[in-house]
2 protein chains.
Amino acid sequence: MTASRITSLDVARLAGVSQSAVSRVFTPGASASDKTTRKVRDAAEALGYRPNILARAIVSGKSRIIGLVVAYLENYFYPEALEKLSNALQREGYHVLVFLTSQKHGEIDDVVGEMLDYQVDGIVFASVGLSSDIAKRCQNAGVPVVLFNRYDDRKDIAAVTSENFEGGRKVAEFLLAGGHDRIAYIAGWKGASTQRDREAGFLAGLTAANRSLHAREVGNFDAEQAKAAARTMFDTPAESRPDALFVANDHMAFVAMDVIRHELGLGIPSDVSVIGFDDVPPAAWLSYNLTTVRQRARRMVEETVKALLAQIECIETTVTRNIAVEAPLIVRGSARIPEGWTDT
Amino acid sequence: MTASRITSLDVARLAGVSQSAVSRVFTPGASASDKTTRKVRDAAEALGYRPNILARAIVSGKSRIIGLVVAYLENYFYPEALEKLSNALQREGYHVLVFLTSQKHGEIDDVVGEMLDYQVDGIVFASVGLSSDIAKRCQNAGVPVVLFNRYDDRKDIAAVTSENFEGGRKVAEFLLAGGHDRIAYIAGWKGASTQRDREAGFLAGLTAANRSLHAREVGNFDAEQAKAAARTMFDTPAESRPDALFVANDHMAFVAMDVIRHELGLGIPSDVSVIGFDDVPPAAWLSYNLTTVRQRARRMVEETVKALLAQIECIETTVTRNIAVEAPLIVRGSARIPEGWTDT
DNA sequence: GTGAAAGCGCTAACAA
DNA sequence: TTGTTAGCGCTTTCAC
């Protein structure tokens, strides 16, 4: 009973025109008289015809599919970004083929192969480091690539991030202005440019005030490791315990807050000020009420889409390789607010 | 410089065989001699050939793409499910074309049209109610459909959910055993079968003990509305205030807990016991430590994939239409634990 | 502006 | 087992 698909030929016959006329009517840039157009549209309507995208893709070489590779969906920044990205692309007439993968190199390799098989028109890598090998494969296939929330050291590949360095620096300034003394940091995965930039900015901020880090642990953007890091850092005598903590992302900051408050019985911000990075939704939940640096997902997505389409449509007028979106400090209650502090 | 794609013909020439021989080597069910296979594989390797999936799809009618429609990514149950689903499907050689949409009817309609354009081999609707019109369109197109975390009243369409009714009943029993007196419920969106079943089970549990609901508000699975619901419910004199609350999902439960604790200064579970549904990751975070009913995402995904593939591969041996996965109560600290309570 | 015809890269009869 | 051939549904010259 599976009604076999209606083709352009069926429409052509009903409309009393040639098959290519039908094609033209449904091809944006093509020319057809008003009369033909109407006849064809009517016939198509009557038959419930829709052009076969796959056939179109095979001949035109454009699938209108964008591949999206995401490696780290546990961080609630990514679902949000995914949603916005998908919507933005849909608006432009593209669709998203999602590939969830671990960071393992072989896996990403495979995934890229499969995307290329599907003739994707472009690929977005979210929170994924790219081997130059992979980048080259995409280039060879003529498939534009944009990195989302990461950039590549070789700088020859389009990337959209927040102003992570600036964000880190703002945190340092805020903490310093708050009169904190023993300032600590829980780092993310060192392979990520986000981690490196945030820490570098943070340190720069401290250094500018002639201060240095009191303690540092590594959480690798992982909840379990962050928990361990927080424990070693705070389960110490009061004199040497940090009184302020910057965590490389919100996800780990929540874990750290829970350890500080519920395992060690310390107060936030009375004993310890905590600041995160991302501003994922739970940061605004009252239990955390986390002061954090906001990644403007919408803007980042806009820039990503723009960069991608620019490449696809070959508007390659000196493509800006590294786009950084401003990242404001969102002041909530998890860190002491300096006297007379005003947002800038 | 875009290296034009290598085709099976290129491989055939290099290998000194016919183009169809190449096709056969790359087609799972086809026959070719060892010698031919080796020659072809070598040539393909040398050239970096990969079959063009789109061309294959157009002629075979199978795209190996599964469409996924998700309407409600704010609930952290869905990112998790999406990840597992994508992985499971990848393992079976399928890929996921994601469509994020609002519940609006027209939108889902459009989305279905687009999926059909891409010749998807099947569609999963997550947290989406289906009009019979849409269901019919998919059926006409011969595209199998599975509902995830919803079922359809017409029961003629495959669906995978948790045992929501049972889950709700367990909550009632737990709260009753805990000696609670004024038991309240914050409802989700009434259009969702999950909401209806959870509440029905919950009420059945109360009724079985000759009890009834003390208070009921509607949160519609929305954070803002849940906040308002919690306020009207708990900003009341102590005598009439509920001492136990079941919330239709975790997402709203977090909001309610924050209102109860941080806005009204009440204790959980000392003043109010709170129980949710889903067991999303934040439920285990110490700040919430939420007693909740777990939706076993992995199992649900397995069943979804199984149901989908069964239909695709026409193993339609009396397809079980409505699959419900067992949903255990996860006892944490947000609700008073009855004396001598043991998990069953 | 329109139709005829070629061809995108592949699979699937069919003969050999 | 193999090669030949005919499409799949569409876009795109190319004459008219």
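In this text the structure is predicted, and so the values were computed from the model without any measurement. Naming convention: chains lettered A, B, ... in sequence-line order (proteins, then strands); numbering from 1 in each chain.
A donor-acceptor pair is defined here as one N or O able to donate and one able to accept, closer than 3.5 Å; no such pair exists between the side chain of Ser86(B) and the backbone of Leu82(B).
Spacing between atom CG of Asp34(A) and atom C1' of dT2(C) amounts to 15 Å, rounded to whole angstrom units. In this structure, the NZ atom of Lys39(B) is 15 Å from the P atom of dT1(D), given to the nearest Å.
At most 12 non-hydrogen atoms from other residues, nucleotides or ligands lie less than 6.0 angstrom from CZ of Arg298(A).
Side-chain contact annotation: Ser23(A) with Gln19(A), donor-acceptor N/O pair under 3.5 Å absent.
Taking every heavy atom of both residues into account, Ser63(B) and Leu54(A) meet most closely at CB-CD2, 4.4 Å.
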Its contact letters, B for base, S for sugar-phosphate only and - for none at protein heavy atoms under 4.0 Å, make nucleotides 9-16 of chain D read BBBBB---
Pairs of donor and acceptor atoms involving the side chains of residues 37-50 of chain A, under 3.5 Å and at least two apart or interchain, shall be tabulated with distances.
residue  : atom : partner   : partner atom : Å
Thr37(A) : OG1  : Ser33(A)  : O            : 2.8
Arg50(A) : NE   : Asp117(B) : OD1          : 3.4
Arg50(A) : NH2  : Asp117(B) : OD2          : 3.3

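Between Tyr76(B) and Tyr76(A), the ring planes are parallel. Angles under 30° get that label, and only those over 60° would be called perpendicular.
In this structure, the helix from dG1(C)-dC16(D) to dA16(C)-dT1(D) shows an angle of 30° between the axis at its start and the axis at its end, each fitted on 5 base pairs and rounded to 10°.
The side chain of Ser33(B) contributes no N or O atom lying less than 4.0 Å from OP1 or OP2 of dT1(D).
Looking at Val112(B), Val120(B), Ile157(B) one by one, the single match for side-chain contact (heavy atoms from CB on, under 4.5 Å) with Cys138(B) turns out to be Val112(B).
The existence of a salt bridge linking Glu302(A) and Arg299(A) is excluded, since no basic side-chain nitrogen approaches an acidic carboxylate oxygen closer than 4.0 Å.
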